[in-house]
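In each ligand, atom 1 is the first atom listed, and ligand 1 is the first ligand listed.
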Amino acid sequence: MSDASVHDVLILGSGPAGLTAAIYTARASLSPLVLEGEPSSTGDTPGGQLMITTEVENFPGFPQGIMGPELMAGFRDQASRFGTDLRQEKASKVDFSERPFKVWVGDPAAADPTYLANTVIVSTGATALMLDLPNEQRLVGHGVSTCATCDGFFFRDHDIAVVGGGDSAIEEANFLTKFAKTVTVIHRRDELRASKIMQERAMANPKIKFQWNSQVTDVLGEHTVEKVLLEDTITGEASELAVTGLFVAIGHRPNTSLFEGQLAMNDNGYLITDGDSGRTNVEGIFACGDVQDETYRQAITAAGSGCAAALDAERWLEANVHN
Ligand code: NAP
């Protein structure tokens, strides 16, 4: 075991939820340890999704807007200031079957865990699914986006596209018509998966067009998006669509594979918490942020739930460990 002491609070993840939980528990003198995660080619982002966002204009307190990475650096500094121990490490295995809880970093087959903790706050986030296009990652934040609420405002009077045919894609397309000149929904079939009412709303919206049976094969542009390349899924015919924005709305994957069989999840893999609280089905394990929020997925709601989970953990420690 590399660290034999039992930590009062171990936080997994370093987005707005995890770092807000760190600020609160650090100020409560609980010396939280945060495993921030490690950057990886599979989409893991220490600091969370704001690290791959450009300007954030809807986080209260920043009337002129703030760059996503700068906002997260502020969260991090604030957590450090009160004594949070931040480590660029990623949990590879957890055992929540008994207390103290066990967390491994590195070889999951190692006999001894790396860390022991009285409470764990899970804030591992969710990853927006991407299309894996050759130029997609390069243009994220420069026309390619996975969040209409965050970025729609930047596309006033532009011609843009949304990829996907589910509720998220149709909701985003409807929302984006507040700003854009036209929104083309690019879907790989000729039938939407979205609920009827959302479909009807979109079909009735004169700014929304549909590009059926089409798969995006690449997104092009030197500095910002200029066009997308399409392939007809039936005939294979190639075409182009001139747009300045590409919103990818093909679903999110919560980062919960580590907790399978240990924490209760819904059918889509999101952790289930009790009512408005951060309590999971295992006493002493709390969850906050996008890993347990399929509905709102905003930085501010994640931060709010991080605060709630921290207060829940603090009260639980008082009642069960420090009494
Ligand atoms: P979803 O229902 O899984 O839909 C994903 C869409 O993306 C599908 O139309 C799918 O096409 C398409 N897609 C997936 N992979 C693709 C790829 N590689 N290339 C091109 N297209 C691809 O995901 P979601 O829309 O994010 O919704 C997730 C859940 O949240 C759903 O249960 C949804 O009802 C719910 N939700 C509800 C609301 C609301 O009620 N207001 C809003 C948002 C989300 P196919 O159809 O061909 O599979």
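- If you check which protein heavy atom lies closest to atom 48 (O) of ligand 1, you get R193 NH2, 2.6 Å.
- Here K93 does not pair with D95 in a salt bridge; the nearest charged N to carboxylate O distance is not below 4.0 Å.
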Could you go through the salt bridge (charged side-chain N to carboxylate O under 4.0 Å, His left out) check for E38 and K90 one step at a time? CA-CA 6 Å; E38 288 164 353; K90 189 179 173 190; over 6 Å; no
Is there a side-chain hydrogen bond (donor to acceptor under 3.5 Å, both in side chains) between R253 and Y270? Walk through the geometry before answering. CA-CA 8 Å; R253 191 188 52 239; Y270 286 82; over 6 Å; no
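- Checked against side-chain contact (heavy atoms from CB on, under 4.5 Å), T217 has the following partners two or more places apart in sequence or in another chain: L229, E231.
- Closest to atom 30 (O) of ligand 1, if we only count protein heavy atoms, is E294 OE2, 4.1 Å.
- Within the 4.0 angstrom cut-off, atom 28 (C) of ligand 1 has no protein heavy-atom neighbours.
- Relative to the six-membered ring of F179, R156 misses at least one condition, a distance below 6.0 Å or an angle of at most 45° to the axis.
- Residue contact check: E171 has heavy atoms under 4.0 Å from atoms 39 (C), 41 (N), 42 (C) of ligand 1.
- Checked against side-chain hydrogen bond (donor to acceptor under 3.5 Å, both in side chains), N281 has no partners two or more places apart in sequence or in another chain.
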Before you tell me yes or no, could you show the steps for T20 and F75 under side-chain contact (heavy atoms from CB on, under 4.5 Å), namely the whole-Å CA-CA distance, both residues' side-chain angles and the distance that decides it to 0.1 Å? CA-CA 7 Å; T20 300; F75 270 71; 3.4 Å; yes
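- Considering all non-hydrogen atoms of both residues, G165 and I170 come closest at O-CG1, 4.4 Å.
- Any N or O atom pair closer than 3.5 Å counts here, and Q215 shares at least one such pair with ligand 1.
- A salt bridge between E283 and R279 is absent, with no side-chain N of the basic residue lying under 4.0 Å from a carboxylate O of the acidic one.
- Protein heavy atom in closest approach to atom 25 (O) of ligand 1: S168 N, 2.9 Å.
- Set against the non-hydrogen atoms of H187, the atoms of ligand 1 under 4.0 Å away are 9 (O), 11 (O), 45 (P), 46 (O), 47 (O).
- Hydrophobic clustering of Ile, Leu, Val, Met, Phe, Trp and Tyr side chains at less than 4.5 Å, counting indirect connections, keeps L230 apart from W212.
- Of the protein's non-hydrogen atoms, R188 NH1, 3.6 Å is the one closest to atom 15 (N) of ligand 1.
- Nearest to atom 5 (C) of ligand 1 among the protein's heavy atoms is I250 O, 3.6 Å.
- Here the protein heavy atom with the shortest distance to atom 9 (O) of ligand 1 is G165 N, 3.0 Å.
- With hydrogens left out, the protein atom closest to atom 34 (O) of ligand 1 is D167 OD2, 2.6 Å, a heavy atom.
- Counting heavy atoms under 4.0 Å from ligand 1, residue H252 does not touch it at all.
- Those atoms of ligand 1 that come under 4.0 Å of a heavy atom in R189, given as number and element, are 45 (P), 46 (O), 47 (O).
- Taking atom 32 (O) of ligand 1 as the reference point, the nearest protein heavy-atom neighbour is N268 ND2, 4.2 Å.
- Contacts between L131 and ligand 1, counted as non-hydrogen atom pairs separated by less than 4.0 Å, involve the side chain only.
- Near G251, with a cut-off below 4.0 Å to any heavy atom, the atoms of ligand 1 are 23 (O), 26 (O).
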